[in-house]
Structure formats: C-alpha cells, structure tokens
Undergrad: 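Dropping a structure here in structure tokens format, bear with me for questions.
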Amino acid sequence: LSASIELSNYSFPKDFVFGVASSSYQIEGATYEDGKGENIWDYNLHRKPEIVFDGTNGDVACDSYHKWEEDISLIKNLGANFYRFSIAWPRILPSCNVGAKINKKGIEHYDKFINGLLSKGITPMVTMYHWDLPQCLEEMGGWMNASIVDDFLIYANILFEAYGDRVKHWITFNEPFQVCEYGYSGTEMAPFRNLTGVGGYNCSHHLLLAHGRTYRHYEKKFKPIQKGKVGFAVNSGWFEPKEDTEEDRRSSERVMQFSYGWYMHPVVLGNYPSVMIDRVDAISAEENYPVSRLPKFTKEEIDMLRGSFDFLGVNHYSTAQTKFSDNFHRPSFGYDCGVAPYTNPDWATSTTLPGLQMVPWGFRRLMKWIKDQYNNPPMYVTENGWATGAGLEDNERVRYITQYLSELLKAIHEDGCNVIGYAYWTILDNFEWLSGFSTKFGLVQVDFQASNRTRTPRKSYEVYKKIISSRKVIV
Ligand code: GBH
C-alpha cells in the first residue's frame with residue numbers, strides 16, 4: 001500500500017451526522033420466516049448456487065432478523081447518529097397479485113426494529129429498495145414492465161403509513177445503475193437478464209418514474225404532517241482522465257454523465273443528460289432501431305421529475321482512469337458511452353476486489369463535481385467502504401476511512417460542498433452478492449461458521465468511534 005498521506009485537521013460541522021449502512025438481503029437471513037415471499041436472489045441462488053463465487057447465499061447471512069438487538073447495541077456503542085438499513089419488499093407484500101394482503105408479521109418486525117433504534121437515540125434512514133425484488137413481480141417483467149411503477153407506489157405508501165410517524169429519512173432506491181445495468185443489461189446482479197444495450201435503459205426509465213412518483217406522493221400526502229425527507233442513493237466512481245489530453249478529459253466527463261448523471265440529471269433537472277440522449281439516439285439510428293434504445297420522458301414526466309429530491313445520496317467506493325474506446329460489442333451501454341476504465345497499478349488495490357482502489361482525492365473531486373453540476377444540493381454520503389479478507393487488525397480499512405474522511409473534510413471546508421452526513425458501508429461483514437462471504441466490508445467481523453454468528457469489532461470500529469466522538473480525523 002502507498003505511503004500514508006497527511007490527515008486533515010478540520011473538524012466536522014456542528015450538524016454533520018455519522019452513520020453506518022446495510023441492506024436487508026445481505027444481513028437478515030430468515031428467508032422463509034414470518035410469511036416472507038421469495039425475492040429474485042432467493043429464487044436464482046437456490047436454483048444456481050454456482051452463480052456466487054463460494055456457492056453461498058443469504059438464507060442465514062448475519063441472522064440479523066433475529067439478532068437485531070445485538071446489531072443496535074453495536075451501532076449504539078459506536079456512537080453513530082443514524083443507521084441506514086433497507087426494508088425487504090417481500091416481507092411486506094409477499095405475493096404480488098393485485099389485492100395482495102399486507103403481511104402483518106413483516107410490518108411488525110420493522111416496527112420493533114425502528115422503535116429499538118429510536119430508544120437508543122439512533123435516527124433511522126430507510127432504503128425502500130436495495131435489490132430484493134419479489135420474484136412474483138420479476139415474473140411479470142420486473143423493472144422492464146411499466147406497471148412496476150404502480151406496484152412500487154403501493155409498497156411505498158404502505159411504508160409511509162406504517163413508519164412515517166417515526167422515520168423522517170427515506171431513500172427510494174439504492175443504486176439504479178447496479179439494479180438495471182448489472183441486472184437487466186448484464187448478468188452481474190439478479191435477475192441476470194442479459195438484455196445488453198436495452199434492458200438497462202428500460203429498467204432505469206421505470207425506476208426513475210417510480211422514484212419521482214413516490215417523491216410527489218409523499219410530498220402531497222405525507223410531508224405536510226410527517227415532515228420527512230426523501231432522497232435517492234446513486235453510486236458513482238470518480239473517473240480521472242488517463243492522460244492530460246482534451247480527449248481523455250472529455251471521456252471522463254462523458255462517463256460521469258452516463259453514470260451519476262443518468263439518474264441525478266433527471267431527478268434534479270428533469271431529463272437525461274443531453275450527451276446521453278444525443279449519443280444513444282444517434283447510435284440507435286445507426287444500428288437501424290426504429291426508435292432510440294433510450295426511452296423518452298413526456299413533458300409531464302419531466303416536470304414531475306425535476307426537483308424530486310430533498311437530498312442526494314452518494315455511494316462512492318473507488319476511482320478509475322478513463323480513455324475513449326469503441327471496443328465493445330453492440331448494442332451496449334459501453335459502446336453508447338464510449339469510454340474504457342483502467343485501474344492504475346500505482347494505486348493501492350483491495351486484495352479481495354481487484355477493481356477497488358484506494359484513491360482518497362477522487363472522492364473529493366466527485367463531491368465537487370456534484371456540487372458544480374447540481375447547484376450544491378444537500379448530500380449524504382450513503383455508502384463508502386473498503387473490502388478486506390478476514391482478521392481484526394484491519395489497517396487497510398483504517399487507512400481508507402481516515403484518508404477518505406480527510407478528503408471529505410476538504411470538500412466541505414475548502415470546496416464548500418453541502419455534505420450533511422456520512423455512512424460507512426458497512427457495520428457487519430455480510431453477504432457481498434456474487435463475492436459471497438469471502439469479501440468483507442465490516443467494521444465488525446462476523447463468524448459465519450458459528451451458529452450464533454458471533455460479532456467481533458475490528459480495529460476500524462474503534463477508529464471510526466473516535467472520529468465520531470472527536471468530530472476530527474485523529475488516530
Ligand atoms: C454497493 O454496490 C452496494 O450498495 C452494496 O450492497 C455492496 O455491498 C457494496 O457496494 C460493496 O460492493 O472490484 O470493480 O467490482 C456498489 C457497487 C461494486 C462498488 C463492487 C464496489 C468493487 C470494485 N460496488 N465494487 S470492483
């Protein structure tokens with residue numbers, strides 16, 4: 001790993017909040033309990049366990065469905081101000097037929113969990129969808145079918161009614177790019193549809209409309225009484241020009257527009273970035289499609305989407321170098337964007353995820369880019385974290401957290417970015433999707449061989465705890 005950089009001496013602003021993040025399928029287990037329906041991960045991994053690196057799945061995971069009180073104690077002891085977790089849609093609406101009944105046991109589970117957090121002074125931040133779609137909805141086309149917009153709205157309305165008196169921070173979706181481009185264009189995420197060049201755009205279009213309509217529904221029906229906030233969590237790397245040339249700078253800007261911009265441009269400004277519309281329209285025509293592969297929003301939809309956020313969620317992990325490339329099969333997102341990412345051998349690399357590199361200054365540049373693009377919106381960093389193998393002396397993670405938080409302090413104090421909170425991903429080692437349990441992002445180690453899933457805080461847990469209490473990056 002590279003030599004350590006100087007840590008920042010700034011303090012976090014008075015109202016800045018610290019948290020940790022997680023998601024339901026990655027930690028809960030209890031797949032068949034209390035009336036939960038099957039999700040797209042259950043369905044696929046039970047049939048084809050070889051999809052996952054080590055053949056594992058989320059059937060038990062951290063067993064957080066049962067061990068939630070212990071999780072809350074760990075979060076409390078850390079001194080965290082908020083906990084970002086997700087609700088499993090198939091626990092609330094296990095069958096997807098029109099007129100499906102609400103599963104009371106599912107509602108009760110999150111009810112006691114939310115009360116448990118509040119009783120310890122921890123603010124809940126709820127993600128409504130972190131990738132565990134009910135399988136019955138996938139069988140109707142999932143995110144490819146426009147009717148899912150209404151299905152999501154029905155689900156969201158149930159959550160606002162059940163929990164909105166206590167939950168004031170909502171995130172509709174976690175990482176639409178990963179849901180749609182990996183799940184519908186590609187095969188890196190469930191439902192593994194492999195509809196390259198088409199699936200990702202259709203899925204994203206419906207997901208954006210579901211986000212916008214949910215925001216407007218809350219604004220009209222719940223916000224005046226509940227007074228909460230609704231945001232959207234989008235992942236983006238930082239993309240640095242590989243060489244200092246005009247062409248590489250244009251590539252880097254284009255891939256930012258095709259990743260973070262794909263989602264945030266509609267939500268902040270009403271429509272897809274113009275570079276995306278122009279390129280996908282032109283390339284589709286060249287490929288002899290009768291209409292563009294990128295769907296169009298109507299005038300009403302644009303007005304509905306514009307400004308449909310109270311805060312932006314930024315999930316950021318890593319930086320890549322970029323260069324123009326047309327070396328992609330067609331049709332594809334890759335060709336449409338026309339940029340190839342490169343890792344840099346001089347940057348520290350995670351031993352468990354080869355694309356994950358430690359580039360703290362990339363984080364600062366990303367925050368500044370978002371500030372400049374969207375007129376300095378309120379931002380939460382909704383995920384940021386580093387992967388290691390097993391072990392409690394996680395010095396790499398300590399270095400990642402201290403250096404990334406140092407750069408965040410510079411973004412706040414020197415660049416004037418309106419960042420109001422930060423959540424580390426994640427509190428517990430958990431089911432890391434196709435990497436199974438071998439890739440560990442936790443501040444707390446979990447023994448997945450032990451039937452009680454023993455939790456042991458790592459060195460990074462103590463370091464983050466000190467940062468939270470001192471409000472400075474001191475180690
Ligand atoms: C997030 O995905 C998810 O929200 C979360 O569920 C997940 O556990 C977390 O990140 C960690 O992966 O070697 O090139 O693949 C963000 C997408 C994909 C970002 C994997 C980090 C590692 C670099 N993540 N990526 S690479």
Side-chain angles (χ1 to χ4, degrees), residues 19-28 39-41 52-53 56-58 61-62 64 84-88 125-133 171-183 186-190 200 207 231-239 255 259-260 262-263 313-322 334 340-345 347-359 362-363 366 380-389 396-397 400-401 404 423-444 446:
V20 279
S22 73
S23 91
S24 45
Y25 184 67
Q26 293 178 276
I27 64 168
E28 283 182 353
N39 70 41
I40 53 177
W41 287 88
V52 172
F53 168 75
T56 54
N57 59 42
C62 307
S64 287
R84 175 181 175 232
F85 65 97
S86 80
I87 289 180
M125 178 185 272
V126 173
T127 308
M128 298 173 157
Y129 184 75
H130 197 126
W131 308 358
D132 43 359
L133 187 71
I171 291 174
T172 51
F173 292 100
N174 181 67
E175 297 189 352
F177 186 95
Q178 280 63 22
V179 171
C180 295
E181 197 45 40
Y182 289 2
T187 56
E188 295 104 315
M189 290 286 166
L207 193 150
F232 189 10
V234 177
N235 179 271
S236 187
W238 174 248
F239 300 96
V255 73
S259 55
Y260 204 73
W262 184 353
Y263 304 99
V314 184
N315 292 5
H316 174 73
Y317 286 85
S318 192
T319 287
Q321 293 180 307
T322 51
Y342 297 84
T343 52
N344 182 333
W347 297 341
T349 305
S350 161
T351 50
T352 53
L353 286 177
L356 181 60
Q357 298 204 288
M358 207 183 293
V359 192
F363 188 25
L366 173 68
Y380 282 94
V381 176
T382 35
E383 285 182 29
N384 175 243
W386 182 256
T388 62
E396 280 182 31
R397 180 172 291 103
Y400 184 93
I401 293 174
Y404 272 64
Y424 178 79
W425 178 274
T426 175
I427 180 70
L428 303 175
D429 287 347
N430 61 36
F431 181 68
E432 180 51 32
W433 311 109
L434 297 198
S435 312
F437 292 103
S438 52
T439 295
K440 298 168 191 300
F441 275 94
L443 299 171
V444 175
V446 176

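Every number for a ligand or one of its atoms is a count from 1 in the order of the listing.
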Undergrad: Quick one: sort the Trp433 and Tyr25 rings into parallel, tilted or perpendicular, breaks at 30° and 60°.
TA: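 The arrangement is parallel - the two ring planes meet at less than 30°.
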Undergrad: Considering all heavy atoms of both residues, which atom of Ser22 and which atom of Ile27 are nearest to each other, and what is their separation?
TA: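 Between these two residues, the closest heavy atoms are OG-CD1, 3.7 Å.
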Undergrad: If you apply the rule side-chain hydrogen bond (donor to acceptor under 3.5 Å, both in side chains), what do you find for Gln178 with Trp131, and how did you get there?
TA: CA-CA 9 Å; Gln178 280 63 22; Trp131 308 358; over 6 Å; no
Undergrad: Quick check: closest heavy atoms across Leu443 and Arg397, and the distance to 0.1 Å?
TA: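 Taking Leu443 first and Arg397 second, the nearest heavy atoms are CD2-CD, 4.3 Å.
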Undergrad: So, is Ser23 polar-close to ligand 1, with some N/O to N/O distance under 3.5 Å?
TA: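 So ligand 1 has no N or O lying under 3.5 Å from an N or O of Ser23.
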Undergrad: Please check if the side chain of Gln26 supplies one atom and the backbone of Phe431 the other of a donor-acceptor pair under 3.5 Å.
TA: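 A pair under 3.5 Å: yes.
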Undergrad: State whether the shortest distance between N or O atoms of Gln26 and N or O atoms of ligand 1 falls below 3.5 angstrom.
TA: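 Such a contact does occur with ligand 1.
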Undergrad: Among all protein heavy atoms, pick out the one at the shortest distance from atom 5 (C) of ligand 1; state its residue, atom name and that distance to 0.1 Å.
TA: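 Scanning the protein heavy atoms, the shortest distance from atom 5 (C) of ligand 1 goes to Trp425 CZ2, 3.6 Å.
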Undergrad: With only distance considered, is Asn430 within less than 3.5 Å of ligand 1 through an N or O on each side?
TA: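 No; the residue has no nitrogen or oxygen that sits under 3.5 Å from a nitrogen or oxygen of the ligand.
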Undergrad: Among protein heavy atoms, which lies nearest atom 3 (C) of ligand 1, and at what distance?
TA: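 For atom 3 (C) of ligand 1, the nearest protein heavy atom is Glu383 OE1, 3.4 Å.
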Undergrad: How far is atom 14 (O) of ligand 1 from the closest protein heavy atom, and which atom is that?
TA: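 Its nearest protein heavy-atom neighbour is Gly355 CA, 3.2 Å.
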Undergrad: Using a 3.5 Å distance criterion without hydrogens, assess whether the side chain of Thr426 forms a donor-acceptor pair with backbone atoms of Gly442.
TA: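 Looks like no, no N/O pair under 3.5 Å.
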Undergrad: Below 4.0 angstrom from a heavy atom of Asn174, which ligand 1 atoms are there? Numbered from 1 as shown, please.
TA: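 Taking each heavy atom of Asn174 in turn, ligand 1 has 4 (O) under 4.0 Å.
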Undergrad: Going by distance only, is there an N or O of Asn235 that falls short of 3.5 Å from an N or O of ligand 1?
TA: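 Between Asn235 and ligand 1, no N or O pair is found under 3.5 Å apart.
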Undergrad: With under 30° as parallel and over 60° as perpendicular, where do the rings of Phe363 and His316 fit, or are they tilted in between?
TA: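 Phe363 vs His316 ring planes: parallel.
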Undergrad: Checking a contact table here: which protein heavy atom is nearest atom 12 (O) of ligand 1, and how many Å away?
TA: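 Protein heavy atom with the smallest distance to atom 12 (O) of ligand 1: Glu432 OE2, 2.6 Å.
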Undergrad: Of the choices Glu175, Glu188, Gln178, which has the non-hydrogen atom that lies closest to atom 16 (C) of ligand 1?
TA: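 Nearest heavy atom to atom 16 (C) of ligand 1 lies in Glu175.
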Undergrad: Quick one: which of Leu353, Thr426, Leu434 has a heavy atom closest to atom 22 (C) of ligand 1?
TA: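 Comparing heavy atoms across Leu353, Thr426, Leu434, the nearest one to atom 22 (C) of ligand 1 lies in Leu353.
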Undergrad: Look at atom 9 (C) of ligand 1 and find which of Tyr317, Trp433, Phe441 reaches it with the closest heavy atom.
TA: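 Result: the heavy atom closest to atom 9 (C) of ligand 1 is in Tyr317.
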Undergrad: Students often mix this up, so state it plainly: with edges at 30° and 60°, are the rings of Phe173 and Tyr129 parallel, tilted or perpendicular?
TA: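 Plane angle over 60°, so perpendicular.
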